[in-house]
There are 2 protein chains.
Amino acid sequence: MTTSIKDVARAAGVSPATVSRALGKGPISEALRAQVLEAVRATGYRPNLAARRLRSQESGTIGLILADIGNPFFTGVARAVEAAAYEAGLRVLLCNTDEDPAREAAYLALMQEERVTGLILAPTRATAERLADAAPAMPVVLIDRPGPPGLFDSVLLDNAGASATLVDHLAAQGYRRIAGLFGQTSGTGIERAEGYRAAMARHGLTPALRFVLPQAEAAEAGLAALCQEGRPEAMIASNSLLLMGLLRSARAARFRIPADLALAGFDNEPWTGLVEPGITVIEQPLEAIGRQAMALLLERLRTPSAPVRKVMLSGRAILRGSTASARAPHNSTKTPPPSTFTL
Amino acid sequence: MTTSIKDVARAAGVSPATVSRALGKGPISEALRAQVLEAVRATGYRPNLAARRLRSQESGTIGLILADIGNPFFTGVARAVEAAAYEAGLRVLLCNTDEDPAREAAYLALMQEERVTGLILAPTRATAERLADAAPAMPVVLIDRPGPPGLFDSVLLDNAGASATLVDHLAAQGYRRIAGLFGQTSGTGIERAEGYRAAMARHGLTPALRFVLPQAEAAEAGLAALCQEGRPEAMIASNSLLLMGLLRSARAARFRIPADLALAGFDNEPWTGLVEPGITVIEQPLEAIGRQAMALLLERLRTPSAPVRKVMLSGRAILRGSTASARAPHNSTKTPPPSTFTL
DNA sequence: GATTTGAATGAAATCGTTCTCACTCGGCTT
DNA sequence: AAGCCGAGTGAGAACGATTTCATTCAAATC
């Protein structure tokens, strides 16, 4: 039995309404406010959020449904969302789906039951499609992954542009047989694959690509399959797990990097700069993505009827030794200092 | 205006009580249950969790307060906790404090207001001390970091033993000037430092250690400070961020590893096996820690008066090239296949 | 056939807040 | 001096579910 507002009211010798006013907003004399605050301290009273939410009909909470809490991309975004939410006086309910559409559905239902104010979501392809028919009752902002066109506000990386940058860079370095490994569960993988295809075509090169589960283990099989079609000179991975899998497989096969196989991918995770040679990657603006998503959500709450907005953010290419020139093979294993440029 | 249980009742031609019974447990005829379920589907009704919690006086939720969501150790534990909670029919409210005692306090207050059923907490030293006086109203299980002795159930790594293992290993490899860098915000850093001190003493070696903020940048200054006292032959870092900082600093100073400086640390993160040479680490049993914490919490809820339990789990040493023998300097840069053994 | 039993259902209380409404009581205006 | 106003306060309704209690009705018992 915890202490309720009535206990505080009794202790302070006032009515429950007065206690509520003292703690929240509302006209109250300074004397009584102090008296109530003292009673709160004395009783150790903590308001019951369930009751508050029920009565005031607002949760003060937004939902954040992510595909993989173990992926630094998502934890980075989550941090930014939480910071922005906190500044807006909102709490964040964080859920992790592990790319499982069933868990996504369960969490979407939960969000309805929690009556969250709004929702930020990184959907799998399966859920993204279902979203068109069964739209949640509250405003939704999609991040990282596209949804049904024109229905939801979204914050996305310029995936096609990012892929093109990598292809352009590899082509400029003299690579021609450039293969790609893309995640199959997310729309992001599709977009990056499309960008890759387009860029390859632009260079007059033949694309060679595979869609696989976004797991390091799947990369091994993907690499093997692509090698059967003729050994590639360079490879692009559409996320950091695949990239890591590629690196492991390449090492196991005793490929020298970049002499035997150049590597490039997405997400500037710490390890990509620590291995020898460093891996060329597209760095995503995690902080900006999270804050932009929160900003879109807040504006949508303010003006529900505003037109749907899609914000595309550019990544930043971080060039490292793993894509050093194929024409002038390096004779030192030292990684060159990384150079960066914006898309 | 969302649909409530009354709307469903009206649609099904029954009373709200019957709807409640159809959805939950309680005696109800199959015919009516089907009728109600149909009405639920038709109206798109989702129960209001705030109302349910208020009335039933239980949140069905446990709180999980972590120091750093960006640290793979904590995300690993969080996964396990969530999985175990799900199996027990509980939800998880995940909060990230970024090692900030003020945010910890705020989240502790929030947990009270949410009336969570129980709490799993990785406290900073500041909060761990305060916990003795201001104990939360619900059961608490501490993980990763010690609290006031004998007051709370806890799941900890055998930190002293793990440090000793590293020191023993380094000493066996012929290193004598072994320095240590430990995080200052957590009790874990203290325990690992104590284990290091004891092991050094046992080997008749002079300890040289620093406590720093658990950030990669702080490691640089720490290394410099320790080098001034005479250059160490080997270094131990008490967490992966510090370890990464050490590696960066060592490379910047052009130290060869392990010839100029051997390195060892905690947490078997992917990058520790990818860099050349691989880094020797203590791997923590993330899954076991999370599940054990959840198990302790559930038992505490069942029998509140049971004696306080402290579970210590052993880590597993993963030996890699970064601690190769100092006596027989390796002439190949290839990492030896990692060997592992349990403490 | 009357009475007991028990399952199925509905009416209404309840959880802890917030908020509307009515009321009181000084200080102003005219 | 009578009326008005506005600030401060309390009484009580309401939020949406669960749960207790009473009621109904059919089957089972004697």
Side-chain angles (χ1 to χ4, degrees), chain A residues 1-37 39-40 43-61 89 91 109-117 137, chain B residues 1-37 39-40 43-61 89 91 109-117 137:
Chain A
M1 184 58 198
T2 71
T3 68
S4 85
I5 204 172
K6 280 185 194 170
D7 303 317
V8 179
R10 206 174 310 124
V14 298
S15 76
T18 302
V19 176
S20 176
R21 280 189 274 252
L23 263 41
K25 57 174 194 283
I28 191 171
S29 65
E30 268 316 309
L32 263 199
R33 154 165 274 140
Q35 195 172 327
V36 168
L37 261 39
V40 166
T43 53
Y45 167 71
R46 290 272 118 206
N48 183 322
L49 282 183
R52 174 175 294 179
R53 289 185 185 132
L54 174 58
R55 168 63 226 212
S56 61
Q57 295 290 81
E58 54 188 52
S59 64
T61 300
R91 285 212 45 257
L110 177 70
M111 291 302 160
Q112 313 259 21
E113 302 184 358
E114 292 275 6
R115 303 292 194 268
V116 296
T117 309
Chain B
M1 187 57 197
T2 70
T3 69
S4 83
I5 202 171
K6 281 185 194 169
D7 303 317
V8 180
R10 205 174 309 123
V14 299
S15 75
T18 303
V19 176
S20 176
R21 280 188 274 253
L23 263 41
K25 57 176 194 285
I28 191 172
S29 67
E30 268 316 309
L32 263 199
R33 152 165 278 138
Q35 195 172 326
V36 168
L37 260 40
V40 166
T43 55
Y45 167 72
R46 289 271 119 206
N48 182 321
L49 281 183
R52 172 177 294 180
R53 288 184 185 134
L54 175 60
R55 168 64 226 211
S56 62
Q57 296 289 81
E58 53 188 53
S59 63
T61 301
R91 284 212 43 256
L110 177 71
M111 291 302 162
Q112 312 260 22
E113 302 184 358
E114 292 275 6
R115 302 293 193 268
V116 296
T117 308

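Throughout, a chain's letter reflects where its sequence line sits, starting with A, and its residues are numbered from 1. Since we're looking at a predicted model, the values are computed, not measured.
Distance Arg10(A) CZ to dG16(C) P: 11 Å, rounded to the nearest Å. If you measure from atom CG of Leu23(B) to atom P of dT18(D), you get 7 Å, rounded to the nearest angstrom. Remark: P of dA17(D) and CD of Glu58(B) are 17 Å apart, rounded to the nearest angstrom. Per the geometry, CG belonging to Asp7(B) stands 13 Å off C1' belonging to dA17(D), to the nearest Å.
For Gln57(B) and dA17(D), the shortest distance from a side-chain N or O to OP1 or OP2 is not below 4.0 Å.
Here Thr61(A) pairs with Arg53(A), Ser59(A), Arg91(A), Leu93(A), Val116(A) under the side-chain contact (heavy atoms from CB on, under 4.5 Å) rule; sequence neighbours left out. Remark: Glu113(B) engages Arg46(A) in a side-chain hydrogen bond (donor to acceptor under 3.5 Å, both in side chains) (not counting sequence neighbours). When the salt bridge (charged side-chain N to carboxylate O under 4.0 Å, His left out) test is applied to Arg115(B), no partner is found at least two apart in sequence or on another chain.
From Met111(A), atom CE reaches atom CG of Leu49(B) across 10.5 Å, with rounding to the nearest 0.5 Å. Interatomic distance, Arg52(A) CZ to Leu54(A) CG, rounded to the nearest 0.5 Å: 13.0 Å. Atom-to-atom distance recorded for Gln57(A):CD and Thr2(B):OG1 is 7.0 Å, nearest 0.5 angstrom.
DNA chain C lies under 4.0 Å from at least one heavy atom of each of the following residues of residues 44-54 of chain A: Tyr45(A), Arg46(A), Pro47(A), Asn48(A), Ala51(A), Arg52(A).
Residue pairs meeting the salt bridge (charged side-chain N to carboxylate O under 4.0 Å, His left out) criterion with at least one member in residues 15-32 of chain A, sequence neighbours excluded, are Glu30(A)-Arg33(A).
Of the candidates Ile5(A), Val8(A), Ile28(A), Leu37(A), Leu37(A) is the only one forming a side chain to side chain contact (heavy atoms under 4.5 Å, CB included) with Leu23(A).
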Please tabulate, for side-chain N and O atoms in residues 11-18 of chain B, each donor-acceptor pair with protein atoms closer than 3.5 Å (sequence neighbours left out).
from: Ser15(B); atom 1: OG; to: Ala17(B); atom 2: N; distance (Å): 3.4
from: Ser15(B); atom 1: OG; to: Thr18(B); atom 2: N; distance (Å): 3.4
from: Ser15(B); atom 1: OG; to: Thr18(B); atom 2: OG1; distance (Å): 3.2

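The closest side-chain heavy-atom distance from Ser4(A) to Asn48(A) is not below 4.5 Å.
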**Message:** Can you build the contact string for nucleotides 7-13 of chain D? Use B for base contact, S for sugar-phosphate-only contact, and - for no protein heavy atom under 4.0 Å.
**Reply:** -SBBB-B
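The nearest heavy atom of DNA chain C to Val19(A) and to Arg33(B) marks one nucleotide each, and the one closer to the 5' end goes with Arg33(B).
In the helix from dG1(C)-dC30(D) to dT30(C)-dA1(D), the end axes, each obtained as the rotation axis mapping the C1' atoms of four pairs onto the next four within a five-pair block, lie 50° apart to the nearest 10 degrees.
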